[in-house]
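Residue indices begin at 1 and follow the sequence shown. Atoms within each ligand, like the ligands themselves, are counted from 1 in listed order.
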Amino acid sequence: MGTDITLQNVWFHYYPNTQAKENWAVKDVSLTFSQGEYISIIGSNGSGKSSLACLLNGLFIPSEGKLFINGTAIDSDQDRWEMKRRVGMIFQNPDNQIVAPSVLDDIAFGMENLGVTREDMQIRIQQVLQQVGLTGFEKKEPHHLSGGQKQRLAIAGILAMQPDVILFDESTSMLDPDGRNSILQLMSELHDVGITVIHITHQASEAFRADRIIVLHQGSVMLDLPKKSLYANAAQLDQWGLDVPLSIQLHQALRKKGWQVSDKVESEEQLVSELWTLM
Ligand SMILES: Nc1ncnc2c1ncn2[C@@H]1O[C@H](COP(=O)(O)OP(=O)(O)OP(=O)(O)O)[C@@H](O)[C@H]1O
Ligand SMILES: [Mg+2]
């Protein structure tokens, strides 16, 4: 069935609340995240990305507004516990997510709380190790792994709990280029097998890998665009300081110069074929 998450006019402030409502961390956010989507959330420091992430996995409770899973309102602690299982979270610092002295125990940790049987655990551990490319690493000590490998271990631990959604909160920002690429690649693979991927990032180049881009600013949603409408909305992307991909910039520049390039272009491939017809 999967997990569709809906936020309906959600507001959030940190306790104790001494701030005017206009300064709350999350302001009147209404969004739906459907099973299988690949979404990026981008915004400057303090724009509310992490607060939103914590609302999405049940760690925080909306100060105002409602949250629904598959149409059912999330009200009780039991509901929120179930949300945490369905929505896994990967954080920024690879070192802060290690909980056990071996790769095997680290992956087993989350499953222990779910009451998974020993046999089932062993099967799942092998599956997730393969999924994240760490087969054969069972006995290794996590602190000997590279940053990218540590993040992949954290992802393995989440995958072993069989979530529907994985939220990545700037999970690539502390990695070297190899580590970063391996995590981006893994996000695409997880999306390919039907997991909802929500990637919070500061990097426009990473954000534009997703199929849908959400821009947050001072706690509010400023833009929520499917990838195919990015060409038509390049000016708005510019306005929010996003470093738009070269093909979108080119499309915009050619139109400004008066070239007869269609405003219906939705992808790089379409832009290329448009250009061929103009040659
Ligand atoms: N633990 C906290 N206590 C009080 N205020 C907080 C806390 N964490 C965040 N805030 C405030 O809430 C607002 C949103 O912060 P949040 O961490 O959600 O933003 P962010 O977009 O994730 O930022 P960053 O890019 O720096 O990670 C900011 O004004 C921030 O100062
Ligand atoms: Mg943050």
Within a strict 2.8 Å cut-off of the Mg ion (ligand 2), protein N/O/S atoms tallied 1
Q. Just checking, R255 and Y231: is the charged tip under 6.0 Å from the six-membered ring centre and within 45° of the axis?
A. no
Mark yes or no for whether Q151, through its side chain, and G179, through its backbone, hold a donor-acceptor pair below 3.5 Å. no
For D169, is there an ion pair with K49 - N to carboxylate O distance below 4.0 angstrom? no
So with a 6.0 Å cut-off around NZ of K228, is the heavy-atom count from everything else above 12? no
As a test of reading the model: which N/O atoms of the protein lie under 3.5 Å from N/O atoms of ligand 1, and at what distance?
{"residue": "ligand 1", "atom": "8 (N)", "partner": "Y14", "partner atom": "OH", "Å": "3.4"}
{"residue": "ligand 1", "atom": "18 (O)", "partner": "S51", "partner atom": "N", "Å": "2.9"}
{"residue": "ligand 1", "atom": "18 (O)", "partner": "S51", "partner atom": "OG", "Å": "2.5"}
{"residue": "ligand 1", "atom": "19 (O)", "partner": "G48", "partner atom": "N", "Å": "3.2"}
{"residue": "ligand 1", "atom": "21 (O)", "partner": "S47", "partner atom": "N", "Å": "3.2"}
{"residue": "ligand 1", "atom": "21 (O)", "partner": "S47", "partner atom": "OG", "Å": "3.3"}
{"residue": "ligand 1", "atom": "21 (O)", "partner": "G48", "partner atom": "N", "Å": "3.1"}
{"residue": "ligand 1", "atom": "21 (O)", "partner": "K49", "partner atom": "N", "Å": "2.9"}
{"residue": "ligand 1", "atom": "21 (O)", "partner": "K49", "partner atom": "NZ", "Å": "2.8"}
{"residue": "ligand 1", "atom": "22 (O)", "partner": "S50", "partner atom": "N", "Å": "2.9"}
{"residue": "ligand 1", "atom": "22 (O)", "partner": "S50", "partner atom": "OG", "Å": "2.9"}
{"residue": "ligand 1", "atom": "23 (O)", "partner": "G46", "partner atom": "N", "Å": "2.8"}
{"residue": "ligand 1", "atom": "25 (O)", "partner": "N45", "partner atom": "OD1", "Å": "3.2"}
{"residue": "ligand 1", "atom": "25 (O)", "partner": "K49", "partner atom": "NZ", "Å": "2.7"}
{"residue": "ligand 1", "atom": "25 (O)", "partner": "E170", "partner atom": "OE2", "Å": "3.4"}
{"residue": "ligand 1", "atom": "25 (O)", "partner": "H202", "partner atom": "NE2", "Å": "3.4"}
{"residue": "ligand 1", "atom": "26 (O)", "partner": "N45", "partner atom": "OD1", "Å": "3.2"}

Are V103 and L145 close enough, and set up right, to give a side chain to side chain contact (heavy atoms under 4.5 Å, CB included), and what steps lead you there? CA-CA 10 Å; V103 165; L145 302 179; 4.1 Å; yes
By side chain to side chain contact (heavy atoms under 4.5 Å, CB included), I61 pairs with (sequence neighbours left out) R80
In short, ring-ring contact (aromatic ring centres under 6.0 Å, His included) pairs touching residues 76-135 with sequence neighbours left out are none
Q) So does R209 pair up with E206, basic N to acidic O under 4.0 Å? A) no
Original post:
So does E119 pair up with R124, basic N to acidic O under 4.0 Å?
Top reply: no
